[in-house]
Amino acid sequence: MKKVTLWDNPKATPKERGKRAKQVRLQAGLTQQVIQDKYDISVNTQQSWENGKKGGLTPKGAMRIMYAMRQEGLYVTKDWLLYGRGIGPQRLDDVLHTGIDVEQALDTDEETAIRNELIAFRKYNPNAIDMRILDDGMSPQYMLGEYIGGQRFFGDDIVKCINYDCIVETATEEFLFRRLKAGNNPNTYTLYCLNPSANVREPILYDIELKSAAPVIWIRRRRKI
């Protein structure tokens, strides 16, 4: 069976994808420089997308455009950007009154992106550990529902993690995300919440024995409207 590629669709050629990327930018009233400054998408990257160079707009690039436009109050889908399918760009306020589930459309793609990032993080980092934040103990620096990851230190090497925000595994096999401090007793540590009003049972845990600690080196923040 013939493999179907992006370019089998005449509306999905690099040139056509570039036209739609430019259309969205202009419809939002943005220059390439403004997008670079606000959303960290370089002018060179945008030019490659809009001119259909180096393969043109990618699925990941389409996601970045989607979220940037969402912040600008413009609704656009990945399918439309890549394949010319479905409705074109519309004002987000108008779309929210049509019954279209904007959150579901964006969240489905975001969850896929998060899974792919997690797979890559685990592959390229030795002793990797990751978790989803399940309490408000470290807010507002880290928010409920965000994903974090780090590289685990064990035994005597845990002291290298002191004063860092870490995913820790306690001796009782409980996983927590806390600021790590030295304990009062040998081979123990104190775990702090950064949020003084945290809705957790014990914002500070003293003299805890740990199996491992992993300073956070990767964080995936969920995008919001």
Side-chain angles (χ1 to χ4, degrees), residues 38-41 58-64 66-68 70-71 78 103-225:
K38 292 183 70 173
Y39 302 108
D40 197 29
I41 305 174
T58 63
K60 183 177 179 180
M63 290 290 294
R64 297 183 72 185
M66 283 172 57
Y67 288 113
R70 192 179 189 189
Q71 301 299 318
K78 188 168 90 171
E103 290 294 336
Q104 182 177 359
L106 291 175
D107 286 348
T108 298
D109 286 324
E110 184 170 18
E111 290 298 334
T112 299
I114 290 172
R115 284 196 298 271
N116 290 338
E117 288 182 31
L118 282 170
I119 291 170
F121 178 79
R122 294 164 184 166
K123 179 178 179 180
Y124 293 109
N125 290 279
N127 296 320
I129 184 173
D130 54 77
M131 70 182 296
R132 189 174 187 177
I133 299 173
L134 298 176
D135 63 48
D136 64 346
M138 301 293 280
S139 67
Q141 291 91 330
Y142 309 88
M143 301 302 292
L144 193 70
E146 294 177 343
Y147 293 82
I148 53 174
Q151 294 180 340
R152 302 174 79 177
F153 289 79
F154 302 88
D156 293 340
D157 286 336
I158 295 176
V159 297
K160 299 176 182 178
C161 306
I162 289 175
N163 296 324
Y164 288 95
D165 301 331
C166 298
I167 302 170
V168 300
E169 181 184 6
T170 70
T172 57
E173 299 184 345
E174 181 179 10
F175 288 90
L176 299 168
F177 177 42
R178 297 290 185 264
R179 176 72 56 83
L180 190 66
K181 298 287 186 179
N184 297 313
N185 298 315
N187 300 317
T188 67
Y189 300 88
T190 301
L191 309 178
Y192 284 84
C193 287
L194 299 182
N195 177 10
S197 303
N199 185 29
V200 299
R201 185 176 60 185
E202 296 179 272
I204 303 177
L205 296 170
Y206 295 98
D207 297 328
I208 303 299
E209 295 183 11
L210 299 180
K211 285 187 173 181
S212 69
V216 169
I217 59 174
W218 173 80
I219 181 169
R220 182 54 153 80
R221 304 187 186 279
R222 296 184 67 84
R223 296 173 173 90
K224 307 292 183 183
I225 288 180

Notebook entry, point to check: Minimum heavy-atom separation for Phe153 to Ile158, with atom names?
Noted result: O-CG1, 3.5 Å
Next item on the list: Would you name the heavy atoms of Leu144 and Asp135 that are closest together and state the gap between them?
Entry: CD1-N, 3.3 Å
Notebook entry, point to check: For Glu146 and Ile219, which heavy atoms make the closest approach, and how far apart are they?
Noted result: OE1-CD1, 3.6 Å
Margin query: So that I can tick it off, tell me whether Arg152 and Asp157 are bridged by a salt bridge, with the cut-off set at under 4.0 angstrom between side-chain N and carboxylate O.
Written below: no
Note to self: Can you confirm whether Gln71 sits close enough to Tyr67 that some side-chain heavy atom of one is under 4.5 Å from a side-chain heavy atom of the other?
What the structure shows: no
Next item on the list: Measure across Tyr164 and Pro215 and return the closest heavy-atom pair with its distance rounded to 0.1 Å.
Entry: CB-CB, 4.1 Å
Item checked: Gap between atom NZ of Lys211 and atom OG1 of Thr172 - 0.5 Å precision -> 8.5 Å
Check: Heavy-atom distance under 4.5 Å between the side chains of Arg178 and Cys193, does that happen here?
Finding: yes
Next item on the list: Taking the side chain as every heavy atom from C-beta outward, state whether Val168 and Tyr189 have any pair of such atoms under 4.5 Å apart.
Entry: no
Check: Does a sphere of radius 6.0 Å around CD in Glu173 hold more than 12 heavy atoms from other residues, nucleotides or ligands, not counting ones at 6.0 Å or beyond?
Finding: no
Checklist line | Asn125 side chain vs Gln151 backbone, donor-acceptor pair below 3.5 Å | finding: no
Next item on the list: State the CG-CZ distance between Asp130 and Arg220, to the nearest 0.5 angstrom.
Entry: 13.5 Å
Notebook entry, point to check: Tell me, do Trp218 and Leu118 make a side-chain contact under 4.5 Å, heavy atoms counted?
Noted result: yes
Notebook entry, point to check: Sub-3.5 Å donor-acceptor pair from the side chain of Asn185 to the main-chain atoms of Asp207, do we have one?
Noted result: no
Check: So how far is it from Ile148 CD1 to Asp165 CG, rounded to the nearest 0.5 Å?
Finding: 8.5 Å
Check: To the nearest 0.5 Å, what is the distance between CG (Leu191) and CZ (Phe177)?
Finding: 12.0 Å
Next item on the list: Using a 4.5 Å cut-off on heavy atoms from C-beta on, say whether the side chain of Asn187 contacts that of Leu210.
Entry: no
Item checked: Contact summary for Met138 and Arg179, nearest pair of heavy atoms -> CE-N, 3.6 Å
Notebook entry, point to check: Between CZ of Arg122 and CG of Asn127, what distance do you get to the nearest 0.5 Å?
Noted result: 14.5 Å
Next item on the list: Could you pull out the closest heavy-atom pair between Phe121 and Ala128, with the gap in Å?
Entry: CE2-CB, 3.9 Å
Notebook entry, point to check: Atom CG of Leu205 and atom OH of Tyr192: how far apart are they, to the nearest 0.5 Å?
Noted result: 10.5 Å
